[in-house]
Amino acid sequence: MDFIVEAARKAIQELYGADVPADVISLQETRKEFEGQVTIVVFPIVRYSKKNPAETAEDIGAYLQANVPEITAYNVVKGFLNLVLSTEYFLNIFHAHTLAASFGEIAPNGKRVMVEYSSPNTNKPLHLGHVRNNLLGYSVAELLKASGYDVIKVNLVNDRGIHICKSMLAWQKWGNGETPENSGLKGDHLVGKYYVIFDAEYKKEIKTLTEAGQSEEQAKKAAPLIVEAQQMLQKWEAGDQEVISLWEKMNGWVYDGFGITYANLGVDFDRFYYESNTYLLGKDNIQEGLDKGVFFKKEDGSVWIDLTADGLDEKLVLRADGTSVYITQDIGTAQLKQDDYQMDESIYVVGNEQDYHFKVLFLILDKLGKPWAKGLYHLSYGMVDLPSGKMKSREGTVVDADDLIAEMIETARQKTEELGKTNDFPEADKNELYRNIGLGALKYFLLKVEPKKRLLFDPNESIDFQGHTGPFIQYTHARIRSLLAKAEYQPGAELAGIELSETELDMLMLLSKYPQQIVDAAAAHSPAVMANYLFELAKAFNKFYHEIPPIVKTEAGPQKQFRLNICRVTGDVLKKGMSLLGIVVPERM
RNA sequence: GCCUCGGUAGCUCAGUUGGAUAGAGCAACGGUUUUCUAAACCGUGGGUCAGGGGUUCGAAUCCCUUCCGGGGUACCA
């Protein structure tokens with residue numbers, strides 16, 4: 001639409017003798033209730049024309065109609081100049097761009113970006129909050145890839161620490177040699193079970209101690225179980241063979257379990273980092289910061305950074321005993337990742353509870369003089385809440401990822417069979433279809449919401465399959481594929497003699513927006529942008545589908561071919577767009 | 001207390017660099033199938049954009065302020 005901006009500037013130049021910057025010409029889509037497709041808001045121009053808005057709009061409208069062939073008519077409503085573009089203009093774009101095989105492909109931009117997501121703890125299975133993280137991370141990575149980046153997906157696994165030792169200790173004490181094999185339990189669930197047992201036993205001990213007269217705080221520190229877990233952690237850090245091999249065994253179970261969940265969610269990674277390898281990193285950077293005068297040492301030997309000038313607080317970066325805190329490792333790990341991949345940008349997909357942490361981390365790296373610090377971005381997303389509030393694993397109010405996936409697939413099976421649409425499908429196809437629909441509903445439900453907003457999930461209300469949902473878009477795609485097959489669609493197009501209905505024009509305009517939607521969604525780190533666009537497109541298509549006479553029975557000719565082309569491109573865009581959300585669209589459903 | 005993110009229809013959510021009478025879906029009610037898949041389409045009702053003030057020709061959008069909710073503010077991660 002740049003040509004309209006340029007033409008309008010020229011109009012102002014010739015009519016009023018003013019050379020205005022491009023941003024004075026504010027274009028927007030014409031609202032449905034008025035005639036035209038593009039609207040110029042004339043208010044900002046009035047100061048140059050020295051006339052009232054209506055007269056200014058009239059002047060410019062007349063000029064544009066006379067001098068720009070694509071503009072065939074105009075009308076003025078208040079301060080808005082609505083422009084009517086020619087049918088040929090839209091058809092030309094459709095033929096030259098939208099119909100091309102390369103439509104929606106964006107050239108590489110030569111930049112590399114890392115997306116770190118998932119980053120689970122290895123002491124319990126994944127829940128709905130992790131699902132949101134995984135889907136967001138995966139989708140943002142796909143969107144960046146599609147918009148021209150070289151993308152590296154990374155998973156930084158939190159595989160060590162006191163929480164891991166808790167599961168290990170409980171298993172050692174009460175496990176009786178239980179394994180995934182002999183219990184039939186998925187590995188991550190088995191380990192999670194012992195984490196819960198630890199917590200229950202620990203609480204009992206605290207209760208006993210407080211009843212014996214100790215304060216809550218004392219009891220929490222003195223309980224034999226926690227003491228033992230801490231000893232185990234020390235042994236782990238010392239490389240104790242027995243502890244290490246138990247740790248390896250149990251983490252192995254968890255990885256097997258996570259692998260299944262990841263495969264079910266359809267997410268993947270190019271590189272795994274493990275905190276057991278990175279937790280000692282960062283101390284060099286602390287020294288570097290001391291040398292540069294960015295950090296300072298207190299009398300007790302602890303190292304701090306003063307961020308009060310930036311509106312934050314003083315922040316500890318190394319304990320008095322010389323051991324690391326969370327941010328110490330993160331400084332070191334950021335350096336490691338940068339050394340490994342030399343990326344231009346690095347995105348951390350982490351919940352908004354860590355907003356402050358990342359603000360501090362990025363600020364520190366910047367103060368350390370890391371040139372790549374500007375490219376760091378915290379993709380902060382809101383928590384998934386239940387109607388009762390936050391999910392709490394200790395209170396058993398978590399929505400388990402594996403359970404939820406299974407339920408969604410089961411619901412998809414029931415709904416599909418009620419509709420009786422798959423009676424003639426082979427069994428294997430049915431199962432694949434139910435998976436795709438169930439996961440499509442789940443993924444779309446989670447991704448259509450703007451990441452930074454918190455998300456409400458009611459386990460008692462099943463996720464919809466109708467309306468603004470994944471299955472709606474999947475259905476639209478399946479219907480298109482079926483239609484193209486019945487019509488024996490062949491590529492090819494003619495420009496001449498085509499008439500455009502209002503809905504067809506809507507389709508052309510919507511379709512042409514697709515490449516820009518990829519870029520916008522990637523730049524905003526927001527799969528929701530893409531999700532909402534695809535819904536709008538599918539909705540418009542269904543309207544189009546209902547309005548036109550049955551294509552299959554229409555006689556051959558340019559108009560029929562034109563409509564089939566709309567179908568084909570819409571199907572392609574829905575398929576490609578949904579794949580950027582990690583959603584598979586079926587050929588039939 | 002301080003910092004930060006939210007608050008839009010009964011519910012779940014869109015709303016672009018500030019633009020026209022704030023839009024969808026669900027739920028409710030009514031209609032559409034001898035026509036390519038009715039997981040669809042068409043229609044009806046439903047709003048103090050949390051409240052107040054300000055900037056502007058124009059504010060859901062920007063600024064100030066109050067209220068409500070989430071998160072953070074650890075020598076936890």
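Remember, it's a predicted structure, so these values are computed and weren't measured experimentally. Atoms considered below: every heavy atom in the structure, side chains included; atoms not considered: hydrogens, waters and symmetry mates.
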Charged N to carboxylate O below 4.0 Å: is that the case for A:E417 and A:K430?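 No salt bridge links A:E417 with A:K430.
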is_close_aromatic(A:H525, A:Y377), centroid dist under 6.0 Å: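 Here the rings of A:Y377 and A:H525 have centres that are less than 6.0 Å from each other.
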For this output row, return yes or no: ring centroids of A:F472 and A:Y475 closer than 6.0 angstrom.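 No, the ring of A:F472 stays outside the 6.0 Å limit from the ring of A:Y475, centre to centre.
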Answer with base, sugar-phosphate or nothing: what part of the nucleic acid does [X] contact at a heavy-atom distance below 4.0 Å?
X	value
A:V41	base
A:A528	nothing
A:Q474	nothing
A:H546	base
A:M383	nothing
A:P451	nothing
A:E488	nothing
A:L456	sugar-phosphate

Side chain [X] and base [N] donor-acceptor under 3.5 Å:
X	N	result
A:T476	B:rA40	no
A:T469	B:rA39	no
A:K553	B:rU35	no
A:D313	B:rC3	no

Using the side-chain heavy atoms of A:Q28, tell me which of these nucleotides is nearest: B:rA77, B:rA39, B:rG19.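 In terms of side-chain proximity for A:Q28, the closest of B:rA77, B:rA39, B:rG19 is B:rG19.
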Counting side-chain heavy atoms from CB outward, which of B:rA22, B:rU37, B:rC3 is closest to A:S482?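 The closest nucleotide is B:rU37.
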Give a yes/no on whether any side-chain N or O of [X] is located under 4.0 angstrom from OP1 or OP2 of [N].
X	N	answer
A:R31	B:rG23	yes
A:R479	B:rA38	yes
A:K359	B:rC3	no
A:K453	B:rC5	no
A:K486	B:rU37	yes

With sequence neighbours left out, what residues match A:N423 under side-chain hydrogen bond (donor to acceptor under 3.5 Å, both in side chains)?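 side-chain hydrogen bond (donor to acceptor under 3.5 Å, both in side chains) list for A:N423, sorted by chain: empty.
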Using Watson-Crick or G-U wobble geometry with both distances under 3.5 Å, which nucleotide pairs with B:rC36?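 Its partner is none (no Watson-Crick or G-U wobble pair with both distances under 3.5 Å).
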Could you tell me the Watson-Crick or G-U partner of B:rC41, where both distances fall under 3.5 Å? Say none if there is no partner.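 Base partner found: B:rG31.
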Taking [M] as the reference, what is the distance to [N] when you measure between their [atom1] atoms (whole Å, please)?
N	M	atom1	value
B:rG45	B:rG23	P	13 Å
B:rG15	B:rA20	P	15 Å
B:rC49	B:rG7	C1'	10 Å
B:rU17	B:rU61	P	14 Å
B:rA9	B:rG47	C1'	6 Å
B:rA59	B:rU21	C1'	16 Å
B:rG70	B:rA50	C1'	16 Å
B:rC11	B:rC67	C1'	23 Å

Can a cation-pi geometry be assigned to A:R132 and A:Y381, taking NZ or CZ under 6.0 Å from the six-membered ring centre and within 45° of the ring axis?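 Checked: cation-pi criterion not met.
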Between B:rA40 and A:F472, is there a base-stacking contact, meaning the centre of the base's six-membered ring lies under 5.5 Å from the residue's ring centre while the planes stay under 30° apart?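 Stacking between A:F472 and B:rA40: absent.
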Whole angstrom is fine here: how far is it from NZ in A:K543 over to P in B:rG25?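 Rounded to whole Å, this separation is 11 Å.
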Whole-Å distance between B:rG6 P and A:N352 CG?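 One finds 10 Å between P of B:rG6 and CG of A:N352, rounded.
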Evaluate the ring planes of A:W236 and A:Y279, with Trp represented by its six-membered ring, and classify them as parallel (under 30°), tilted (30 to 60°) or perpendicular (over 60°).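 Rings of A:W236 and A:Y279: tilted, as their planes differ by 30° to 60°.
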